[in-house]
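Below, read A as the first sequence line, B as the second, and so on, with proteins coming before strands; counting in each chain starts at 1.
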2 protein chains.
Amino acid sequence: MGASKTEYFSAKQNEIAAIAKAIGHPARVAILEYLVKVDACICGDIVNELPLAQPTVSQHLRELKNAGLIKGNIEGNAICYCIDEKAIEKLKKYFDGISNKLLKKNSCC
Amino acid sequence: MGASKTEYFSAKQNEIAAIAKAIGHPARVAILEYLVKVDACICGDIVNELPLAQPTVSQHLRELKNAGLIKGNIEGNAICYCIDEKAIEKLKKYFDGISNKLLKKNSCC
DNA sequence: AATCTTTATTGCAATATTGCAATATTAAAT
DNA sequence: ATTTAATATTGCAATATTGCAATAAAGATT
């Protein structure tokens with residue numbers, strides 16, 4: 001025991017959880033913010049931006065990619081990563097939905 | 001080593017990461033959705049809604065509470081949990097901000 | 001071809017998370 | 001005061017995550 005019982009929950013619940021989980025680490029938040037900040041999506045220097053070793057950054061990038069938050073293009077021997085807006089839109093819509101539903105209620109706590 | 005190097009990142013980055021992390025488990029997504037669904041924020045029956053044991057649900061509730069996503073009132077011997085809209089608003093604003101910044105750029109990947 | 005640059009992978013240690021049975025706590029009901 | 005009901009805490013096992021050194025892979029440069 002001890003593993004997440006993901007199979008007991010809906011696909012949508014698991015999808016939102018997976019995206020949120022990927023954002024749930026400050027290094028990955030920092031990576032996303034860096035990708036938003038730079039105009040071009042030149043990427044190798046993410047390592048220089050962060051106080052983490054290259055393999056660690058590479059792993060965080062993989063997790064963001066698995067969650068659909070970023071996408072990458074191979075350009076020569078470098079890789080150009082950038083944010084995949086679709087995942088951001090999914091989250092936006094999800095929280096907008098929650099927010100709208102909450103407005104229709106009288107908060108009781 | 002292996003612990004998160006949270007001290008290397010900004011307070012805001014850590015805050016967003018902490019909220020996202022709390023949402024990053026399907027059981028906690030399911031709890032949030034249940035709290036949105038029920039009109040009143042009667043809470044004991046969250047345990048009946050989920051395929052998890054009572055201590056497990058209690059722990060998930062504590063994590064949601066620590067992240068500021070829910071708040072709870074003691075009502076007799078029961079506890080009334082409900083969503084804290086402030087945390088939802090924070091996330092909404094954060095992703096709106098990212099989304100707006102992305103619109104001003106030509107996506108290159 | 002040999003080297004450099006960039007990124008990914010592997011293997012490992014440290015730590016964190018998940019889930020639950022057992023137990024504790026707290027307040028209501030009898 | 002005892003019992004019941006609701007929730008929290010503790011302690012533990014199973015699993016996952018985090019971070020990095022070492023190494024690999026793959027294209028560019030010389």
Colleague: Between B:Glu89 and A:Ser99, does a side-chain hydrogen bond (donor to acceptor under 3.5 Å, both in side chains) hold up when you go through it step by step?
Modeller: CA-CA 8 Å; B:Glu89 288 306 312; A:Ser99 197; 2.8 Å; yes
Colleague: Would you list the atom pairs, donor with acceptor, under 3.5 Å between side chains in residues 50-70 of chain B and any protein atom, with sequence neighbours excluded?
Modeller:
residue : atom : partner : partner atom : Å
B:His60 : ND1  : B:Arg28 : NH1          : 2.8
B:Glu63 : OE1  : B:Arg28 : NH1          : 3.4

Colleague: Consider the side chain of B:Lys21, meaning its heavy atoms from C-beta on, and name the nucleotide among D:dA22, C:dC20, C:dA16 that approaches it most closely.
Modeller: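 Nucleotide nearest to B:Lys21's side chain: C:dA16.
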Colleague: Among residues at least two apart in sequence or on other chains, which ones pass side-chain contact (heavy atoms from CB on, under 4.5 Å) with A:Asp45?
Modeller: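 A:Asp45 satisfies side-chain contact (heavy atoms from CB on, under 4.5 Å) with A:Tyr34, A:Ile42, A:Asn48 only.
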Colleague: Could you go over nucleotides 27-30 of chain D and give all protein N or O partners under 3.5 Å, atom names and distances?
Modeller:
none

Colleague: From the list C:dT6, D:dT18, D:dT7, which nucleotide is the closest neighbour of the side chain of A:Ala78?
Modeller: C:dT6
Colleague: Hey, which of these two, B:Ala27 or A:Arg62, hits DNA chain C nearer its 5' end, going by closest nucleotide?
Modeller: A:Arg62
Colleague: Quick one: which of D:dG19, C:dT18, D:dA8 gets closest to the side chain of B:Glu63?
Modeller: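 Output: C:dT18.
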Colleague: Identify whether any heavy atom of A:Gln54 sits under 4.0 Å from a base atom; if not, whether one sits that close to sugar-phosphate; answer base, sugar-phosphate or nothing.
Modeller: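 If one applies the 4.0 Å heavy-atom cut-off, A:Gln54 turns out to touch a base.
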Colleague: Identify, with sequence neighbours excluded, every residue that meets side-chain contact (heavy atoms from CB on, under 4.5 Å) alongside A:Ala17.
Modeller: B:Pro26, B:Val29
Colleague: Tell me which nucleotide among D:dT9, D:dA22, C:dT7 gets nearest to the side chain of B:Pro55.
Modeller: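 My answer, after comparing the listed nucleotides, is D:dT9.
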Colleague: Taking only residues at least two apart or on different chains, which pairs with a member in residues 82-101 of chain B satisfy ring pair (Phe, Tyr, Trp, His ring centres under 6.0 Å)?
Modeller: none
Colleague: Side chain of B:Ser58 only, heavy atoms from C-beta on: which candidate in D:dA8, D:dT7, C:dT6 is closest?
Modeller: D:dA8
Colleague: With sequence neighbours left out, what residues match A:Glu15 under side chain to side chain donor-acceptor pair (under 3.5 Å)?
Modeller: A:Lys90
Colleague: Under 4.0 Å between a side-chain N/O of A:His60 and OP1 or OP2 of D:dT17, yes or no?
Modeller: no
